[in-house]
Amino acid sequence: MKIRKNDTVLVIAGKDRGKKGKIRKALPTKNKVIVEGINMIKRHSRAKGQARQAGIIELEAPMDVSNVMFICNKCNKPTRLGFSFLSDGKKARICRACGEIVD
Ligand SMILES: [Zn+2]
């Protein structure tokens with residue numbers, strides 16, 4: 001998966017379309033991401049002993065990685081990412097819009 005934790009993304013599908021957020025968590029095995037403040041769901045929680053309070057909590061639901069687009073931190077455009085190998089053999093992510101290495 002090309003998108004990682006702390007990347008800024010643009011939501012391109014769903015009820016939060018057009019919003020931007022930061023990746024809180026990437027779930028590569030499920031091809032999903034959790035984006036800060038995006039795709040909020042309400043969960044009703046019951047008190048479990050004394051550890052948890054009963055009530056409604058809001059949290060971010062994981063969303064499909066195909067519903068977000070990476071925003072380049074160099075050119076500030078939503079873009080697709082490519083991979084390139086650096087001279088030291090490391091794999092780096094490349095912005096397809098401006099060609100800069102983004103990590
Ligand atoms: Zn760029």
Side-chain angles (χ1 to χ4, degrees):
M1 205 158 81
K2 288 173 181 172
I3 286 176
R4 296 177 192 162
K5 194 180 171 184
N6 291 328
D7 283 349
T8 303
V9 294
L10 173 70
V11 180
I12 53 170
K15 62 177 175 153
D16 288 314
R17 191 156 76 179
K19 286 187 189 168
K20 288 177 190 172
K22 208 174 182 187
I23 301 289
R24 190 194 288 285
K25 205 173 181 190
L27 311 163
T29 53
K30 293 176 180 165
N31 258 325
K32 285 179 187 287
V33 289
I34 295 171
V35 190
E36 262 179 33
I38 304 290
N39 206 22
M40 301 298 288
I41 50 160
K42 287 194 172 96
R43 278 274 167 82
H44 297 262
S45 68
R46 277 197 196 153
K48 273 186 191 166
Q50 292 178 327
R52 240 197 232 177
Q53 272 192 311
I56 298 169
I57 50 164
E58 272 198 285
L59 53 94
E60 292 114 344
M63 58 193 296
D64 211 280
V65 72
S66 63
N67 291 344
V68 299
M69 217 169 171
F70 180 81
I71 295 177
C72 175
N73 50 24
K74 300 278 173 11
C75 65
N76 238 348
K77 285 180 192 157
T79 182
R80 286 181 189 281
L81 287 165
F83 279 121
S84 180
F85 288 94
L86 304 176
S87 50
D88 61 0
K90 276 187 190 161
K91 209 153 98 169
R93 297 182 302 166
I94 303 277
C95 167
R96 293 240 171 106
C98 66
E100 292 283 337
I101 294 166
V102 293
D103 54 359

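Each residue takes its place number in the sequence, starting with 1.
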CG on L10 to NZ on K19, rounded to 0.5 Å: 12.0 Å

Heavy atoms of other groups near K30 NZ, more than 12 under 6.0 Å: no

Any K15 side-chain heavy atom under 4.5 Å of N39 side chain: yes

Interatomic spacing from OG1 in T8 to CZ in F70 - rounded to 0.5 Å: 7.5 Å

Results of salt bridge (charged side-chain N to carboxylate O under 4.0 Å, His left out) for D64 - residues two or more places apart only: none

Hydrophobic cluster membership, M40 vs V33, 4.5 Å side-chain cutoff: no

Salt bridge (charged side-chain N to carboxylate O under 4.0 Å, His left out) partners for R96, two or more places apart: none

Chi angles and distances behind the side chain to side chain contact (heavy atoms under 4.5 Å, CB included) call for D16, M63: CA-CA 11 Å; D16 288 314; M63 58 193 296; over 6 Å; no

Gap separating the OG atom of S84 from the CZ atom of R93, nearest 0.5 angstrom: 13.0 Å

Minimal non-hydrogen separation, V102 against C72, with atom names: CG1-SG, 3.9 Å

CG-CD1 distance between D7 and I23, expressed to the nearest 0.5 angstrom: 6.5 Å

Euclidean distance, I101 CD1 relative to K74 NZ, rounded to 0.5 Å: 8.0 Å

Crowding at NZ, K2 (>12 non-hydrogen neighbours, <6.0 Å): yes

Between CG on residue N6 and CZ on residue R24, distance to nearest 0.5 Å: 10.5 Å

Joint hydrophobic cluster, L27 plus I38, side-chain heavy atoms closer than 4.5 Å: no

Listed partners of R80 passing salt bridge (charged side-chain N to carboxylate O under 4.0 Å, His left out), at least two apart: none

Same apolar cluster (I L V M F W Y, side chains within < 4.5 Å links), V11/I3: yes

Within one Ile-Leu-Val-Met-Phe-Trp-Tyr cluster: I57 and I41, side-chain cutoff 4.5 Å: yes

Cluster check M69, I71: I/L/V/M/F/W/Y, side chain < 4.5 angstrom: yes

A97 versus K77, closest heavy-atom pair with distance: CB-CD, 4.4 Å

